[in-house]
Amino acid sequence: MAMLTRPLHMNVLEAAEKRILNVFSKYYRVDMCFSGGKDSIALMLVTINTMRKYGIDFKRLSVSFCDEEAIYPDVPDVVEHYRRMILSLGGTFNWLCLPWRHYNCTNTLLDEDSWTCWDIRAKDKWVRTPPPHALRWHPDFKYGMSYQEFFKEVAAKHDNFVQLVGVRAAESVQRLTSFHRMAYQKRASRQYIYNVIYDWKDSDVWKIIKDNNAVFPKTYMNLWRIGAKLRMSQIFAADTCRAIPKLLVFYPGFYEKLQRRCPNIDIVLLYYDTRLFKSSSQSSRHDVGNDEQTMRKQIRKGIADGIRNNRNDRGFHNARKAWSKTERYSGLNLAVYRHILNMLHGGDAKSRTYRAWMIDLNASLRQTCMDGKE
């Protein structure tokens, strides 16, 4: 998908201030989504500084923290620090400990991709206890909602609800694509999400944290020490799980709590450096192959083995369906074949890899047609 971009005649900090002022000029009450990660801390800082600079009453600001239960041990202390900051300024801070439905990559091989935070049925296995000031009920929440579905429900019932979020396009290609798609969708429906720092780079985020001498989770320093990507996603996401085995030394007893809550996390210790957790190092060690013929041969072998072993998971079905539509072509982008191998080896409970395969297949076929015309 081609995406047009245009330069701004200002720096990203000035652009963020302008967006925040635009939101407060349209709405009296504004909510901010906060996670305790570096991006939401940057959003918090630029919002507070802008409100102070232009004299905006902090009573107009509320902050929502969606507590995911299984979070790194130092994150709650960081969130508590910013909670007290917001309260001292006169704002509202909502610490939400609701039974959210969340993605869980460790359940992929069981064809199940979710788990429920703060599930009352597993109270004896909770990773940690909710703080006394946490909200355990909300009139607009239904059991098993994701926090995205929850805020969408709130926006549908309350016309004046708007929310600032700290999602950045630089985090992934998928986020960049979603911003492009949202630019068209918001014309057809009421916009309630405002991405204030969507065009910030990592260096911009760390600069505002440094310039404000801001508190941030020590987990980022530990990730840097082990050479992992400085990203704290939901703890059972593939990117986050991959770093857990190397982080155990920094958090004694934390893995045991995660294991009691989600027994399948044991597969992380065995396969954290494989395709199952989006590792790129497996190719060089296990002869995955970097040419079309080798990859096609491995796909055929993987499908034949799956049929012989009576595989019945969604990843295998998606891989067979994708291969049936791919086998007739040649000269395709190697990413097309990698997606099929990922479905065979790592599962695809949510069909995300299948959708990525469709995008790359269509792009590769269009490129082939254009090359043929030339």
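- Between E149 and K152 there is no salt bridge, since no side-chain N of the basic residue sits under 4.0 Å from a carboxylate O of the acidic one.
- With contacts defined as side-chain heavy-atom distances shorter than 4.5 Å, the pair Y147/E68 qualifies.
- Tracing side-chain contacts under 4.5 Å through hydrophobic residues (I, L, V, M, F, W, Y), one reaches Y54 starting from L45; they form part of the same cluster.
- With rounding to the nearest 0.5 angstrom, the CD1 atom of I197 is 8.0 Å from the OG atom of S40.
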List, one per line, each side-chain donor-acceptor pair under 3.5 Å for residues 88-96, sequence neighbours excluded.
unit_1, atom_1, unit_2, atom_2, d
S88, OG, R84, O, 3.2
S88, OG, M85, O, 2.6
W95, NE1, D67, OD2, 2.8

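- Here the shortest heavy-atom pairing between I56 and R60 reads CG2-NH1, 3.9 Å.
- With hydrogens and angles ignored, the 3.5 Å screen pairs a side-chain donor or acceptor of R311 with a backbone N or O of L344.
- Checked by atom type and distance alone, the side chain of R231 never pairs as donor or acceptor with a backbone atom of T240 at under 3.5 Å.
- Listed by first then second residue, pairs satisfying salt bridge (Lys or Arg N to Asp or Glu O under 4.0 Å) with a partner in residues 45-59 read E17-K53, not counting sequence neighbours.
- Under a hydrophobic-cluster definition in which Ile, Leu, Val, Met, Phe, Trp and Tyr are linked whenever side-chain heavy atoms come within less than 4.5 Å, directly or via other members, M221 and L223 are assigned to the same cluster.
- N22 and R19 share no donor-acceptor pair across their side chains, judged by distance under 3.5 Å alone.
- Looking at R128, K257, R261 one by one, the single match for salt bridge (Lys or Arg N to Asp or Glu O under 4.0 Å) with E69 turns out to be R261.
- Here the SG-CD distance, from C66 to Q148, works out to 8.5 Å after rounding to the nearest 0.5 Å.
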Side chain to side chain donor-acceptor pair (under 3.5 Å) between Y337 and D291, worked out: CA-CA 10 Å; Y337 302 110; D291 64 275; over 6 Å; no

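- For F316, the CZ atom sits in a packed shell: over 12 heavy atoms of surrounding residues, nucleotides or ligands are nearer than 6.0 Å.
- Judged by distance alone, the side chain of W126 and the main-chain N or O of D119 form a donor-acceptor pair under 3.5 Å.
- With a 4.5 Å cut-off on side-chain heavy atoms, V196 and V23 do not count as touching.
- No side-chain N or O of D74 forms a donor-acceptor pair with one of Y220 less than 3.5 Å apart.
- Using a 3.5 Å distance cut-off with no hydrogens or angles, the side chains of E80 and H133 do pair a donor with an acceptor.
- Taking CZ of R355 as the reference point, atom NE2 of H339 lies at 12.0 Å (rounded to 0.5 Å).
- Linking ILVMFWY side-chain heavy atoms closer than 4.5 Å, directly or via other members, places V249 and L247 in a single hydrophobic cluster.
- Taking all atoms of both residues into account, the shortest heavy-atom contact from K157 to D140 is CD-OD1, 3.3 Å.
- In this structure, F24 is not a member of the same hydrophobic cluster as Y28, with clusters built from ILVMFWY side-chain heavy atoms closer than 4.5 Å.
- We find the OH-OH distance between Y194 and Y27 to be 3.5 Å, quoted to the nearest 0.5 Å.
- A donor-acceptor contact closer than 3.5 angstrom is absent between the side chains of D159 and Y192.
- Remark: F254 CZ to I71 CD1 distance equals 8.0 Å, nearest 0.5 Å.
- Across P217 and M232, no two heavy atoms sit closer than the pair CG-CE, 3.8 Å.
- Side-chain contact of N104 with N264: a donor-acceptor pair under 3.5 Å is absent, judged by distance alone.
- Counting heavy atoms from C-beta outward, F216 and K38 have side chains that stay 4.5 Å or more apart.
- Taking all atoms of both residues into account, the shortest heavy-atom contact from F150 to H138 is CE1-ND1, 3.6 Å.
- For R296, the CZ atom sits in a packed shell: over 12 heavy atoms of surrounding residues, nucleotides or ligands are nearer than 6.0 Å.
- Looking only at atom types and distance, the side chain of Q234 has no donor-acceptor partner in the side chain of Y103 under 3.5 Å away.
- In terms of heavy atoms, F151 sits closest to F161 at CD2-CZ, 3.8 Å.
- Under the 4.5 Å side-chain contact rule for hydrophobic residues, L248 and V127 share a cluster.
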From CA spacing to verdict: side-chain contact (heavy atoms from CB on, under 4.5 Å), R29, N160: CA-CA 8 Å; R29 291 281 297 179; N160 60 345; 5.5 Å; no

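- Screening D199, D204, D39 for a salt bridge (Lys or Arg N to Asp or Glu O under 4.0 Å) with R168, the sole residue that qualifies is D39.
- Note on residues 233-253: pairs passing ring-ring contact (aromatic ring centres under 6.0 Å, His included), not counting sequence neighbours, are Y72-Y251, W115-F236.
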Audit row: V165, I193, side-chain contact (heavy atoms from CB on, under 4.5 Å) steps and yes/no: CA-CA 7 Å; V165 299; I193 294 178; 3.6 Å; yes

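- For the side-chain contact (heavy atoms from CB on, under 4.5 Å) criterion with V63, the lone passing option out of L43, T47, I86 is I86.
- At a threshold of 4.5 Å between non-hydrogen side-chain atoms, the residues W323 and R300 count as touching.
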Criterion side chain to side chain donor-acceptor pair (under 3.5 Å) on D266 and Y255, from CA distance to verdict: CA-CA 9 Å; D266 282 341; Y255 184 81; 2.9 Å; yes

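- The CD1 atom of I340 sits 9.5 Å away from atom CD of E327, with the distance rounded to the nearest 0.5 Å.
- The shortest heavy-atom contact between W118 and P99 is O-CB, 4.0 Å.
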